[in-house]
S.K.: 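Dumping the structure here so I can ask a few things about it.
Worth knowing before you read on, the calculation uses all heavy atoms, side chains too, and leaves out hydrogens, waters and symmetry mates. For ligands, and for the atoms within them, numbers begin at 1 and follow the listed sequence. If you read the sequence from its start, that first residue is 1, and numbering goes on from there.
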Amino acid sequence: MKVMKFGGTSVGTIESLLNLKNIVDAELKPVLVVVSAMGGFTNQLLAMCEQAQQRDISCLDTLEAARKRHHDAIDGVVVESMRKQVHATIDRFFDESLKPYYLALATNPHMPVDEIERVCDAIVAHGEILSSAIVTGMFDDGVPHLSLNLMRTMPDGSGRTLDWEETERLVKAEFSSIDKGVHVAQGFISRDTQSGAVTNLGRGGSDYTAAILASLLDAEALEIWTDVDGFMTADPRTHPDATVIPQMTYEQAQKMCDAGAKVIYPPTIAPVAMKQIPVWVKNTFNPSAPGTLIVD
Ligand code: ADP
Ligand code: ASP
Ligand code: MG
């Protein structure tokens, strides 16, 4: 089975979601699709957290605009038979979860700092929860999985690290008997092993989720679908003369990621290198471009 990760721009518009559908439809099933939040939405969720803490209720207007963006995407891409259900799911998360969380931040001036962090972590997880509901609904044979039930983190000195043992146990149990379908899971989001609180793997962490799943499931390949033609000699946004690197080693990729090549989140390489799983970096907006192959 392949693991295919689609980043924020790849799930950000109706056009890109339809590209995703074509790309996944061409695959042999089962396939595991890992998605990011719709492009820019994670930043928005966090900015609204700041606003709410400043008692700036205008964040609720931004929230309504985001709700509309998700509903528009559903109308554009979700299969007819699933549309009503996905609309209702999205509304439920906005009405029963996001809105109350923002109101709690805005109206509770004495909320302790660790409680604020807990609420903001829970809020930011909604980016991937919402986008994955849409992507699952695009496929007649879409099967949802909840990364909050699969990925486990534990506190370390400076932040959070993956609890490999517990994650392995949960992932292997979840996927032990799948034999067909388009399986969809959220990138980025996780839970603390001990407290069960919602956590995440750090900004850009959806790549890492996909690599962890690929490694634990001995996937035949990990594909990182993004908005550039492959891993390039430099960031094409700042270096228009950058060119695609057709093939590189895990070591070379790791060095470039550590040096700031944002195309792959740095912790992504190790889990797939360990199992020698080939990694492809491909362009959702130009799927016929050869992309970059990262191997031993
Ligand atoms: P996604 O949302 O798909 O995860 P990201 O924005 O995280 O996408 O990563 C893709 C972006 O990484 C590209 O749009 C590009 O501007 C940037 N980037 C930085 N360095 C490189 C590089 N060496 N090769 C390709 N893209 C790079
Ligand atoms: N949505 C998260 C972020 O914007 C994770 C990701 O896209 O990889 O950082
Ligand atoms: Mg990324």
S.K.: Find the distance between CE (M1) and CG (D179) and round it off to the nearest 0.5 Å.
M.R.: 11.0 Å
S.K.: For R118, is there an ion pair with D114 - N to carboxylate O distance below 4.0 angstrom?
M.R.: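 Looking at R118 together with D114, the answer is no, because their closest N to O distance does not fall below 4.0 Å.
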S.K.: G230 near ligand 1, heavy-atom distance under 4.0 Å?
M.R.: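 In this structure, G230 qualifies as a contact of ligand 1 - some heavy atom is under 4.0 Å.
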S.K.: Give the residue, atom name and distance (to 0.1 Å) of the protein heavy atom nearest atom 23 (N) of ligand 1.
M.R.: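 Heavy-atom neighbour on the protein nearest atom 23 (N) of ligand 1: M232 O, 2.9 Å.
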S.K.: Closest non-hydrogen protein atom to atom 26 (N) of ligand 1, residue and atom name please, with distance?
M.R.: V263 CB, 3.5 Å
S.K.: Quick one: does G7 get within less than 4.0 Å of ligand 2, heavy atoms only?
M.R.: no
S.K.: Applying side chain to side chain contact (heavy atoms under 4.5 Å, CB included) to L20 and W225, what does each step give before you reach the verdict?
M.R.: CA-CA 9 Å; L20 176 159; W225 287 88; over 6 Å; no
S.K.: Do other residues, nucleotides or ligands put more than 12 heavy atoms under 6.0 Å from the CD atom of Q252?
M.R.: yes
S.K.: With a cut-off of 4.0 Å, which atoms of ligand 2 are near a heavy atom of E128?
M.R.: 1 (N), 2 (C), 5 (C)
S.K.: For ligand 1, is there an atom lying under 4.0 Å from some heavy atom of P236?
M.R.: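 The answer is yes: ligand 1 sits under 4.0 Å from a heavy atom of P236.
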S.K.: Return the residue, atom name and 0.1 Å-rounded distance of the protein heavy atom closest to atom 8 (O) of ligand 1.
M.R.: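 Checked against all protein heavy atoms, atom 8 (O) of ligand 1 sits closest to T226 OG1, 3.2 Å.
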S.K.: Look at atom 2 (O) of ligand 1 and say which protein heavy atom is nearest, naming residue and atom and giving the distance to 0.1 Å.
M.R.: G8 N, 3.1 Å
S.K.: How far apart are the closest heavy atoms of Y265 and G202, and which atoms are they?
M.R.: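 Shortest heavy-atom contact: OH-CA, 3.6 Å.
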S.K.: State if A234 counts as touching ligand 1 under the rule of any non-hydrogen atom under 4.0 Å.
M.R.: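 Flag set, A234 near ligand 1.
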S.K.: To check your reading of the model: name the closest protein heavy atom to atom 4 (O) of ligand 1, its residue, and the distance in Å.
M.R.: K5 NZ, 3.0 Å
S.K.: When you measure from atom 3 (C) of ligand 2 to every protein heavy atom, which one gives the shortest distance, and what is it?
M.R.: R203 NE, 3.3 Å
S.K.: Would you check, one step at a time, whether the test side chain to side chain contact (heavy atoms under 4.5 Å, CB included) holds for R152 with S190?
M.R.: CA-CA 6 Å; R152 289 289 175 268; S190 49; over 6 Å; no
S.K.: Is G204 in polar range of ligand 2, meaning some N or O pair under 3.5 Å apart?
M.R.: yes
S.K.: Heavy atom to atom 17 (C) of ligand 1, shortest distance: which of D227, V281, D235, D207 holds it?
M.R.: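 Selected option, by shortest heavy-atom distance: D235.
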S.K.: Checking Q51 against S58 for the side chain to side chain donor-acceptor pair (under 3.5 Å) test, could you report, in this order, the C-alpha distance in whole Å, the side-chain angles of both residues, the deciding distance, and whether it holds?
M.R.: CA-CA 8 Å; Q51 275 180 293; S58 71; 3.1 Å; yes
S.K.: Determine the interplanar angle of the F93 and H126 rings, folded into 0 to 90°, and report it as parallel if under 30°, tilted if 30 to 60°, perpendicular if over 60°.
M.R.: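 Perpendicular: the ring planes of F93 and H126 meet at over 60°.
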S.K.: For ligand 2, is there an atom lying under 4.0 Å from some heavy atom of G205?
M.R.: yes
S.K.: Between F175 and H145 (judged by ring centroids, cut-off 6.0 Å), do the two rings come close enough to count as a pair?
M.R.: yes
S.K.: With atoms numbered from 1 as shown, which atoms in ligand 2 lie under 4.0 angstrom from a non-hydrogen atom of S206?
M.R.: 5 (C), 6 (C), 7 (O), 8 (O)
S.K.: Looking only at protein heavy atoms, identify the closest one to atom 7 (O) of ligand 2 and say how far it is in Å.
M.R.: S36 OG, 3.1 Å
S.K.: At what distance, to the nearest 0.5 angstrom, does CD of E64 lie from NZ of K99?
M.R.: 5.5 Å
S.K.: For ligand 2, find out whether one of its N or O atoms is nearer than 3.5 Å to an N or O atom of D207.
M.R.: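 No, since none of the N or O atoms of D207 sits under 3.5 Å from an N or O of ligand 2.
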S.K.: Report the C-alpha distance between F285 and S16 in whole Å, list the side-chain angles of each, state the deciding distance to 0.1 Å, and finish with yes or no for side chain to side chain contact (heavy atoms under 4.5 Å, CB included).
M.R.: CA-CA 7 Å; F285 303 87; S16 64; 3.5 Å; yes
S.K.: Considering the heavy atoms of V228, write down every atom of ligand 1 situated less than 4.0 Å from one of them.
M.R.: 13 (C), 14 (O), 25 (C), 26 (N)
S.K.: The test is side chain to side chain donor-acceptor pair (under 3.5 Å); show your working for D258 and Q254 and say whether it passes.
M.R.: CA-CA 6 Å; D258 289 341; Q254 185 68 65; 3.0 Å; yes
S.K.: Identify the closest protein heavy atom to atom 5 (P) of ligand 1: which residue and atom is it, and at what distance?
M.R.: K262 NZ, 3.7 Å
